[in-house]
Amino acid sequence: MVSSSSAATPAPAPTSSSTTHTGTYRQCTRCIMDTTVPGIRFDGRGECNFCQLHDKLDRAFPLGEVGHRHVAAMAEDMKRLGKGKKYDCVLGVSGGRDSSFTLWYCVVKLGLRPLAVHFNDGFGNPVAGENMVKACRKLGVEMRTITSDWRESKDLKIAFLKASTPDMEEGTDLGIATALYGVAAKEGIQRIVIGQSFRTEGIAPLSWNYLDGKYLKAVHRQFGTVPLRPWKPDDPGFHLDLKEMFYYTFVRRIKTVTLLYHIDYVRADVDELLVRELQWVNPGAHYFDDLYQSVIYYLNRTKFGIDRRLFNYSALVRSGQMPRAVALEKVSHINAIEDEKVINLCIKRLGLTRKEFEQIVATPPKTFRAYPNNYELIRLLRWPIKFLSQFRLIPESAYDKYFNCGT
């Protein structure tokens, strides 16, 4: 799936004499985050604020026996709420490593009865699709695929290309969240399990990946052509905004469970387990369960000067799962996910020629701040959001995402 030619081309990397929007180039002495990252700060030891955030989360979510007890308590809570029902929880699946392992762990280790939910926006990797089907069949789990309206999905992707911001997957990211909450509400399920870990993925800088329903609708109003479907409480066809989150959280009392925050999750070991237990096949690169990531990584690098591997690999470095020298060597080359054949396939699926695509993306770079959004309101709600994060009424990383991950 991934072409070797694109992976072998050296990527332009800043040197000690180069400058960025923050001034003279500097890199964290502990991880590989650098001054290409908005809002980065360094302490007296040269360590960045993202390392400090990692350490704070590490203390808040300890592993070992404490983590096992917490996981056991969460599993007991889900079983109690699921008593007399068909399912204990909703679990998002994509066919990638993280969600596949989370599904296996919930069924085999915790004895839960999850309803697996997949959001299909038309750009899924067939390898990941096969992984989902095999895993659910082997584990005896029902999988429900929520397929977005293809016209709406395509229109949103083109709209965000025209908006000229790096968070080009806004429609899909919010669509996934809406699918999970919508299915949970429809089935009367009060827990959503998410396969994400700050120890292996990190948390993206805010302006690289800003999630906000008002922002999505503002971009759609300016650049979209296909009407968005109206919201219904149990219909996963809408894109979440603050009032919908209030409904799901307080009226339907749905909470999220970030299981991997509490488990000693080592990627190399997990790969072996998944192959052995589920006949899992690596889709080709991290996040490559979604083919559109080829376009995202290509444009992030060539247009915005962003390498999303910085926060992914830095998390692995801090967790002791990747030597810093290896991470530095990897980011000195273009990511293998930038497959030219897949990029062209995605452009074709959007109904664009390569020339039309290049004309659209030639506009000057912007961020979410160029469009109406809820950010100022979110900042006013800082302490309620912290409370909701701590009590898992919203994802535990939500507070840090909006207040500790750049500007």
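Source: prediction; values computed, not measured. The first residue in the sequence is number 1, and the count goes up from there.
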Distance-only side-chain donor-acceptor flag, [X] / [Y], under 3.5 Å:
X: T367; Y: T165; answer: no
X: N131; Y: S100; answer: no
X: Y298; Y: E340; answer: no
X: R301; Y: Y297; answer: no
X: K255; Y: T249; answer: no

Heavy-atom pair of closest approach, residues [X] and [Y]:
X: M74; Y: L259; result: CE-CD1, 4.1 Å
X: L278; Y: A135; result: CD1-CB, 3.9 Å
X: R97; Y: V270; result: CG-CG1, 3.8 Å
X: P114; Y: L91; result: CB-CB, 4.1 Å
X: A159; Y: V219; result: O-CG1, 3.7 Å
X: K154; Y: L350; result: CD-O, 3.3 Å

Not counting sequence neighbours, which residues clear ring pair (Phe, Tyr, Trp, His ring centres under 6.0 Å) with Y105? List them please.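 Scan of Y105 (ring pair (Phe, Tyr, Trp, His ring centres under 6.0 Å), adjacent residues dropped) gives F101.
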Quick check: W150 with F123 (ring centres under 6.0 Å apart)?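 Centroid distance F123-W150: below 6.0 Å, so yes.
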Ring centroid separation for F198 and Y261, is it under 6.0 angstrom?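 Ring centroids of F198 and Y261 are less than 6.0 Å from each other.
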Do the charged groups of [X] and [Y] touch, with an N to O distance under 4.0 Å?
X: D241; Y: K214; result: no
X: D77; Y: R191; result: yes
X: D271; Y: R276; result: no
X: E358; Y: R354; result: yes
X: K138; Y: E277; result: no
X: K341; Y: D339; result: no
X: E47; Y: R41; result: no

Is there a donor-acceptor pair under 3.5 Å between the side chain of [X] and the backbone N or O of [Y]?
X: S314; Y: I32; value: yes
X: S332; Y: E329; value: yes
X: H118; Y: S94; value: no
X: T363; Y: A163; value: no
X: R318; Y: C31; value: no
X: W280; Y: G95; value: yes
X: E170; Y: D212; value: yes
X: D155; Y: T225; value: yes
X: S153; Y: D121; value: yes
X: Y210; Y: Y375; value: yes

Could you walk me through whether N125 and D289 pass the side chain to side chain donor-acceptor pair (under 3.5 Å) check? CA-CA 5 Å; N125 187 330; D289 42 11; over 6 Å; no
Pairwise distance [atom1]([X]) to [atom2]([Y]) - rounded to 0.5 angstrom:
X: F119; Y: D290; atom1: CZ; atom2: CG; result: 10.5 Å
X: C48; Y: F311; atom1: SG; atom2: CZ; result: 13.0 Å
X: L57; Y: Q52; atom1: CG; atom2: CD; result: 12.0 Å
X: L206; Y: I378; atom1: CG; atom2: CD1; result: 8.5 Å
X: L273; Y: W104; atom1: CG; atom2: CH2; result: 4.5 Å
X: D98; Y: T200; atom1: CG; atom2: OG1; result: 5.5 Å

Would M245 and Y247 count as a side-chain contact (heavy atoms from CB on, under 4.5 Å) here? Give the steps. CA-CA 5 Å; M245 280 301 300; Y247 169 80; over 6 Å; no
Any side-chain heavy atom of [X] within less than 4.5 Å of one from [Y]?
X: V266; Y: D264; answer: yes
X: R137; Y: M143; answer: no
X: V108; Y: L139; answer: yes
X: K386; Y: F403; answer: no

Answer yes or no on whether R26 is positioned over the face of F42, meaning its NZ or CZ is under 6.0 Å from the six-membered ring centre and within 45° of the axis.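 Ring-cation test returns yes.
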Does NZ or CZ of K157 come closer than 6.0 Å to the centre of the six-membered ring of Y292, within 45° of the ring's axis?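 Because its charged atom sits under 6.0 Å from the ring centre and within 45° of the axis, K157 does stack over Y292.
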List the steps, then state whether side-chain contact (heavy atoms from CB on, under 4.5 Å) holds for I192 with V257. CA-CA 6 Å; I192 297 173; V257 177; over 6 Å; no
Kindly indicate, with the supporting measurements, whether the criterion side-chain contact (heavy atoms from CB on, under 4.5 Å) is fulfilled by N120 and I146. CA-CA 6 Å; N120 175 20; I146 306 300; over 6 Å; no
Can you tell me if [X] has over 12 outside heavy atoms packed within less than 6.0 Å of its [atom1]?
X: K134; atom1: NZ; value: yes
X: K348; atom1: NZ; value: no
X: R151; atom1: CZ; value: no

Matching residue for Y87 among E142, R113, E187 - test: side chain to side chain donor-acceptor pair (under 3.5 Å):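 One option only clears the test, and that one is E142.
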Begin from the C-alpha positions of F160 and Y215 and carry the test ring-ring contact (aromatic ring centres under 6.0 Å, His included) through to its verdict. CA-CA 11 Å; F160 272 87; Y215 165 49; 5.5 Å; yes
Criterion salt bridge (charged side-chain N to carboxylate O under 4.0 Å, His left out) on E201 and R267, from CA distance to verdict: CA-CA 11 Å; E201 291 186 88; R267 279 189 176 175; 5.3 Å; no
Using the side chain to side chain contact (heavy atoms under 4.5 Å, CB included) rule, pick out the option among N335, I306, D307, D167 that qualifies with N300.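 Answer after filtering N335, I306, D307, D167: I306.
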Tell me every residue that passes side-chain hydrogen bond (donor to acceptor under 3.5 Å, both in side chains) with R199, counting only those two or more places apart in sequence or in another chain.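 Partners of R199 under the side-chain hydrogen bond (donor to acceptor under 3.5 Å, both in side chains) test: D58.
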Pair S294, E338 - check side-chain contact (heavy atoms from CB on, under 4.5 Å), show working. CA-CA 5 Å; S294 278; E338 291 188 37; 5.9 Å; no
